[in-house]
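Comments concern the structure below.
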Amino acid sequence: MAAARALTKAEKAAFILETLDGLYPMPPIPLSHRSPYELLVAVLLSAQTTDVKVNEVTPALFARADTPEKMVELEVEEILEIVRTVGLAPGKSRNIHRLSELLLERHGGRVPESLEELEALPGVGHKTASVVVAQAFGRPAFPVDTHIHRLAWRWGLSSGRNVEQTEKDLKRAFPEETWNRLHLQIIYFGREHCPARGHDLASCPLCSVVGRRSLLR
């Protein structure tokens, strides 16, 4: 019997979209927030930390300071005391205080909507900025976290060389209007169905169809 034809990247992308839209038609934003500023702070805190842990500390932080004006009134040590259980808390506390100062100095206390202006803030890298423009302002972006980077390689959509290349490859593979929901859908799928280790690819609803053939042998 002849081997099944390998899917093209376009066919894989279409199947992934259909499957994820069925599983997560309206994926929620995992970080609790009520404003672009709160989202910016929450995403900054989430680096090398789980969203669950961030959501445990931000209610107390935002009860004290939910705007840049209120945040700069706190000492860095006060911020640190609230977020201490989050990874890399000392550096993140300094960055939260300083970026709040810069938002007041440069942007009238508002969170800017451009990647370039966001990335100029301390502690805000490309992924953090992409999350904010996508989730706070609805602008097309494709933030790539470890789940997305891993699955893009596993599904044969990217070389896995680095997250920058993965982002470029995924933006080419999927229509722009799908990016904002798709990056959340892939994160949820990676967490719930497609772990890094101990994963049965043959029974996975996506890997069994679009996974690299070398992994399925």
Side-chain angles (χ1 to χ4, degrees), residues 27-139 141-150 163-164 166-167 179-181 183-188 190-192 196:
I29 297 172
L31 292 169
S32 300
H33 67 284
R34 298 167 297 183
S35 68
Y37 176 71
E38 288 189 359
L39 179 62
L40 173 60
V41 172
V43 179
L44 187 154
L45 285 170
S46 71
Q48 299 187 38
T49 303
T50 66
D51 294 341
V52 171
K53 177 59 67 176
V54 173
N55 288 337
E56 289 175 356
V57 303
T58 49
L61 178 63
F62 296 147
R64 294 282 305 279
D66 58 357
T67 65
E69 292 86 352
K70 294 177 183 177
M71 194 69 75
V72 298
E73 293 177 359
L74 301 180
E75 299 292 335
V76 172
E77 284 300 318
E78 292 180 277
I79 300 172
L80 176 58
E81 186 60 32
I82 298 171
V83 304
R84 188 177 298 279
T85 57
V86 170
L88 308 176
K92 291 175 180 178
S93 300
R94 290 191 296 270
N95 286 334
I96 289 169
H97 193 273
R98 182 56 183 151
L99 75 79
S100 299
E101 292 178 330
L102 292 176
L103 288 177
L104 293 170
E105 294 172 11
R106 299 175 180 175
H107 306 289
R110 296 177 63 85
V111 175
E113 297 188 24
S114 76
L115 288 172
E116 295 74 19
E117 289 174 310
L118 283 165
E119 290 174 24
L121 298 171
V124 180
H126 181 68
K127 173 181 168 279
T128 296
S130 296
V131 171
V132 172
V133 300
Q135 297 178 359
F137 303 117
R139 298 195 171 193
F142 212 129
V144 174
D145 77 341
T146 54
H147 293 290
I148 295 174
H149 183 54
R150 170 169 55 84
V163 294
E164 292 80 13
T166 296
E167 180 180 341
W179 296 350
N180 287 1
R181 76 174 187 274
H183 89 269
L184 289 172
Q185 290 170 329
I186 296 175
I187 290 171
Y188 282 116
R191 291 174 178 174
E192 297 174 6

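From a predicted model like this one, the values you see are computed outputs, not experimental measurements.
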Neighbour count >12 (heavy atoms, 6.0 Å) for atom CZ, R84: yes
Over all atoms of both residues, closest heavy-atom pair of P90 and L80: N-CD1, 3.6 Å
Donor-acceptor side-chain pairing of E167 and H126 below 3.5 angstrom: yes
Taking every non-hydrogen atom, the tightest pair across P68 and G109: CG-O, 3.5 Å
Separation of K127 NZ from E164 CD (nearest 0.5 Å): 12.5 Å
Closest non-hydrogen atom pair, V133 against S114: CG1-C, 4.3 Å
Salt-bridge present (E105, R98; N to O < 4.0 Å): yes
No-hydrogen, no-angle side-chain donor-acceptor test under 3.5 Å, E78 and H97: no
Positive for side chain to side chain contact (heavy atoms under 4.5 Å, CB included) with F142, one of I148, N180, T166: I148
OG1-CG distance between T58 and D66, expressed to the nearest 0.5 angstrom: 11.5 Å
Q135 vs L184 side-chain heavy atoms within contact, under 4.5 Å: yes
Polar contact flag, side-chain donor to acceptor under 3.5 angstrom, R150-H147: yes
Donor-acceptor contact present, side-chain N95 to main-chain L121, <3.5 Å: no
Short side-chain to backbone donor-acceptor contact, S46 and D51, under 3.5 Å: no
Nearest heavy atoms of V54 and A42, plus distance in Å: CG1-O, 3.7 Å
T128 OG1 to D145 CG distance, which is reported to the nearest 0.5 Å: 11.0 Å
Sub-4.5 Å side-chain heavy-atom contact between L99 and Y37: yes
Between CD on residue E101 and CD on residue E69, distance to nearest 0.5 Å: 12.5 Å
Separation of L103 CG from E117 CD (nearest 0.5 Å): 10.5 Å
Heavy-atom side-chain contact between V111 and L118 under 4.5 Å: yes
Residue pair L45 / I96, side-chain heavy-atom distance below 4.5 Å: yes
For the student: nearest non-hydrogen atoms of P27 and Q185, plus distance: CG-CG, 3.8 Å
Rounded distance (nearest 0.5 Å) linking atom OG of S93 with atom CD of E77: 8.0 Å
Closest non-hydrogen atom pair, Y188 against P28: OH-O, 2.7 Å
Given V41, V83, L44, the one that forms side chain to side chain contact (heavy atoms under 4.5 Å, CB included) with K92: L44
Side-chain ion pair, K53 and E56, N-O less than 4.0 Å: yes
Any donor-acceptor N or O pair under 3.5 Å, side chains S35, E38: no
